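Report on the following structure.
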Amino acid sequence: MPSTNQVTLNAPLDMHLHLRDGEMLENIASSSARTFSGAIIMPNLVPPVSSKEEVIAYKARIKEAIGAEDFTPYMTLFFKPTYDKAFLSSVRDEITAIKLYPAGITTNSEGGVSGFNVEELRPALEAMAELDIPLCVHGETNGFVMDREAEFVSIYEKLAGAFPKLKIIMEHITTKASVAALDRFENLYATITIHHLLITLDDVAGGMLKPHLFCKPIAKRPEDRDALLKVALAAHPKVMFGSDSAPHPKHAKEACGCAAGVFTAPVALQLLTELFEEHNAPLDKLQAFVSGNAQKIYSITPLSKQVVLEKKPFKIPSDYNGVVPMYADEKIAYSIKEVING
Ligand code: NCD
Ligand code: ZN
C-alpha cells in the first residue's frame, strides 16, 4: 500500500474475539462494535457457553451492551465431545462455529478436550461436518511453551485427515509450522492476530517484562513472525484477521501471576493499516485479510460499515475503562476518522 492520507475499510470482521460478560462486557463491547461489522465471539465464560439457552442468553447480553451500533455477534459454543447430531441440529441456527479448547490450556478452558482420540470425537465432529459448522481450535499441547503450537500440528493433521468435510480453523497461529500446514490440507484455515504480526518473544520478555503483551499462544521467533506476515500481507485465501483481543482487568495483568491476553480491539484496525502500509502491501489485500477472506470461508454477508482511517498520529489511551490496551500511551500513525454505518 503506497503511503496515503486516507484508507477506507469495508465491513471489517474480527474472526476471534473475547467480549467477556457482566461489567467487563459493558466496558469493552463498544471497542469492537464501533469499528467492526461483526466478530466471532469466544465462548470461554465461566461456566463456558455450552447449551442453546446459554448461547441465546449471552447473545442477548452482548446486544444490550453494544446498544445501537451495527455489529453482528457471530456466536460459538464451547466444544464438548458429547454433542450429538440432535443437539447440534437444534442449535445450528444460533451459532456460526464451535470452539475447541484442549483442557486447561488457556483462560477458562478446564472443561476442554484431553487426548484427542479420533473415535471419541467422531460423532460430534461428523455431525458438525454434515451441518456445515466450522470447528475453531486453540492449537496448543501442554508441552514446552515455545513448542506447544508446533507440537499440535500433528493433531491438526490427524483431525483434518479424519474429517475431510469439516472446516477446521487453526486459531491465532504463531508459527511457521502452522503456516506450512495450511497448504497441506484443503480443510485447514487460520486466524492471525495483529500482535503476532508485530511482536516476537523478545518484545514480551527480552527486556523489562511486558505483561500487556503476554498471551496464549506466546509470541514466537522472528522467522515465525515472518511466515505469518507473508501470508497475511498477501491475504492468502485461507487466512483471516482474528484479533484474539482478550481483556483482563489491569490488576489481573499487572500482577504476580499475570493473566494471558492482549487487549487490541480499539487499536487493531489502525495498527493493521500501518503495518500494511509499512510493508507496501496493496490495500485490496488488507481488505481481503480483514473481511473478504472471512466472508468466503464462513459464508457470511456482514452488515455494511465503512471505516475511514486517516494518516494522523493517534496516541493510544493508557486504558479503556480500566483495561490497558496494547501499546498504551504510545503514538501510532493512523487514527479512525469516521465510521459510516448502513
Ligand atoms: C484468551 C482469554 O483470556 O480468554 N487469552 C489469550 O491469551 N489469548 C484465551 C485464548 O484465546 O487463549
Ligand atoms: Zn482467544
Side-chain angles (χ1 to χ4, degrees), residues 13-25 27-29 31-32 36 39-50 58 62 73-79 96-113 134-142 145-146 148-149 152 169-175 178 189-199 201 203-205 209-220 228 240-255 257-265 268 294 322-326:
L13 292 168
D14 182 348
M15 303 311 282
H16 182 131
L17 176 65
H18 298 271
L19 276 185
R20 310 301 193 204
D21 209 349
E23 199 185 336
M24 180 61 92
L25 169 64
N27 285 342
I28 55 99
S31 295
S32 295
F36 286 91
I40 296 272
I41 310 299
M42 290 298 128
N44 61 331
L45 305 182
V46 186
V49 182
S50 51
Y58 185 35
I62 292 170
Y74 296 103
M75 304 305 292
T76 64
L77 279 177
F78 187 102
F79 179 85
T96 303
I98 294 182
K99 175 71 186 283
L100 184 156
Y101 291 91
I105 209 68
T106 189
T107 313
N108 306 334
S109 62
E110 290 70 22
V113 170
L135 178 74
C136 301
V137 181
H138 183 118
E140 289 195 283
T141 66
N142 53 13
V145 67
M146 288 294 279
R148 287 175 188 177
E149 184 177 299
F152 199 90
I169 324 279
M170 302 187 284
E171 294 296 326
H172 43 50
I173 58 171
T174 62
T175 57
S178 298
Y189 302 83
T191 57
I192 302 179
T193 74
I194 179 63
H195 48 287
H196 291 119
L197 291 170
L198 289 169
I199 65 170
L201 184 61
D203 297 288
V204 186
L209 188 67
K210 297 283 172 45
H212 298 291
L213 299 181
F214 171 65
C215 66
K216 306 279 178 80
I218 191 93
K220 304 289 187 315
L228 299 176
M240 51 199 156
F241 175 63
S243 71
D244 193 19
S245 179
H248 293 276
K250 188 174 174 178
H251 65 80
K253 293 290 291 175
E254 297 179 6
C258 164
V262 184
F263 180 52
T264 53
V323 183
V324 180
M326 184 180 186

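Counting starts at 1 for both ligands and their atoms, following the listed order. Fair warning: this is a prediction, and the values are worked out from it, not measured in the lab.
The N/O atoms of H138, backbone and side chain alike, include one that comes under 3.5 Å of an N/O atom in ligand 1. Between F214 and ligand 1, not a single N/O pair is under 3.5 Å apart. Any N or O atom pair closer than 3.5 Å counts here, and Y101 shares no such pair with ligand 1.
Within the structure, the closest approach of H172 to ligand 1 falls below 4.0 Å when heavy atoms are considered. In this structure, R20 has a heavy atom closer than 4.0 Å to ligand 1.
Scored by the side chain to side chain donor-acceptor pair (under 3.5 Å) test, D21 finds R61 as partners (sequence neighbours excluded). For Y189, the side chain to side chain donor-acceptor pair (under 3.5 Å) test picks out no residue, with sequence neighbours left out. Residues passing the side-chain contact (heavy atoms from CB on, under 4.5 Å) test with N44 are H18, R20, M42, Y101, T107, N108, sequence neighbours excluded.
Residue T106 has at least one heavy-atom neighbour below 4.0 Å for each of these atoms of ligand 1: 5 (N), 9 (C), 10 (C), 12 (O).
Residue contacts with ligand 1 for H248 involve side-chain atoms from C-beta outward but no N, CA, C or O (heavy atoms, distance under 4.0 Å). The proximity of C215 to ligand 1, defined as any non-hydrogen pair under 4.0 Å, involves the side chain as well as the backbone.
Excluding waters, the protein N/O/S atoms found under 2.8 Å from the Zn ion (ligand 2) are H16 NE2, H18 NE2, D244 OD1.
Counting only distance, with no hydrogens or angles, the side chain of T96 and the backbone of Y74 share no donor-acceptor pair below 3.5 Å. Under a 3.5 Å cut-off, the side chain of K253 and the backbone N or O of H251 do not form any donor-acceptor pair.
Of the N and O atoms on the side chains of S178 and T175, at least one donor lies less than 3.5 Å from an acceptor on the other residue.
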